[in-house]
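The structure under discussion appears below in the form of structure tokens.
In this text, all values refer to a predicted model and were calculated from it rather than measured experimentally. Along the sequence shown, the residues carry numbers beginning at 1.
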Amino acid sequence: MKLKYWIERFGGFLSFFIHDMGEMVFLTLRIHQWMFRKPFDGKLILQQMVYIGFESIPVAINTALFTGMVLALQSGYTLETKIKGVSQFIGSVVSISMVRELGPVLTAMVIAGRMGSAVAAEIGTMQVTEQIDALYTLAANPVKYLAVPRFLAFTFMMPLLIIFSDMVGWIGGLFICSMKFTSSTVYIESTRTSLEAGDILGGALKGMFFGAIIAIVACRQGFATTNGAEGVGRATTNAVVFSFMLILISDYFLNAILIALHI
């Protein structure tokens with residue numbers, strides 16, 4: 001009985017996940033369909049960029065700073081324990097790890113938790129209070145009015161947040177390295193010799209995809225909200241969980257593509 005129960009649960013989750021993936025693909029097509037149609041509301045897009053990007057800077061700073069510090073501390077002690085004198089490579093370890101992997105993924109997950117949930121809750125509240133239906137009566141398409149500005153804001157602001165987080169994380173690693181292991185000059189020189197422009201570009205490209213994923217998932221969950229306040233809470237949770245899953249899944253494939261393209 002337990003095996004049958006868990007098989008049914010897994011099948012139900014898989015069916016729900018596939019259905020939502022199909023709906024998200026359909027929403028993506030609708031967003032691109034309405035994105036290039038006039039009129040263009042630049043003010044609304046700018047408001048979302050400020051809301052999603054600028055107001056998320058404190059969270060991004062906190063995440064990146066301590067990630068860089070922990071990475072430098074752990075890698076420094078590990079390197080010194082295994083092989084004495086190799087702490088000169090901490091700059092390479094921190095910079096490449098932050099720029100290529102930790103910066104994009106952790107920043108995207110933090111923004112998904114903070115802003116993806118907020119967007120899903122906002123649109124979900126509009127859905128259950130019939131404000132979405134009111135937009136139709138005013139001849140305003142909800143996808144163009146609600147989804148497109150948020151999609152563009154997430155897509156444009158995520159690379160900037162990631163580059164900023166990379167810098168903050170690198171500075172955190174510099175602080176720990178200069179305090180415990182080696183001089184700041186050695187740390188900077190190690191970074192300079194190992195980090196390439198392609199590494200930074202690859203992280204920024206990941207940011208664009210991650211931002212698009214967060215926007216589409218959050219908007220989809222918001223538009224699909226039902227059952228009042230309980231439904232809003234469920235949509236918010238689903239937005240965060242699905243965003244995390246898709247970010248981690250897509251990270252692997254994006255890495256494989258970037259490696260194949262030698263970026």
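Proximity of T63 to S165: side-chain heavy atoms (C-beta onward) are nowhere separated by under 4.5 Å. Side-chain contact between V105 and F210: present, with at least one pair of heavy atoms (C-beta onward) separated by less than 4.5 Å. Side-chain contact between F223 and L146: present, with at least one pair of heavy atoms (C-beta onward) separated by less than 4.5 Å. Looking only at side-chain heavy atoms (C-beta outward), M35 and K144 stay at 4.5 Å or farther from each other. Residues E122 and R150 are in side-chain contact: their nearest non-hydrogen atoms beyond the backbone lie under 4.5 Å apart.
Side-chain N/O atoms of Q127 and D133 include no donor and acceptor closer than 3.5 Å.
Using a 4.5 Å cut-off between side-chain heavy atoms of Ile, Leu, Val, Met, Phe, Trp and Tyr, with links allowed through other members, L161 and M167 fall into different hydrophobic clusters.
Here the rule is side-chain contact (heavy atoms from CB on, under 4.5 Å) with T225, and of V128, T125, I123, N238 only V128 fits it.
Here the CG atom belonging to L71 is positioned 12.0 Å from the CE atom belonging to M69, to the nearest 0.5 angstrom. The OG atom of S56 sits 5.0 Å away from the CE atom of M115 when rounded to the nearest 0.5 Å.
Between E23 and R30 there is no salt bridge, since no side-chain nitrogen of the basic residue lies less than 4.0 Å from a carboxylate oxygen of the acidic one.
Remark: F242 engages F16, F17 in a ring pair (Phe, Tyr, Trp, His ring centres under 6.0 Å) (not counting sequence neighbours).
Taking the six-membered ring where the residue is Trp, W170 and Y187 present tilted rings, their angle falling between 30° and 60°.
I163 and A204 get closest at one heavy-atom pair: CD1-CB, 4.4 Å.
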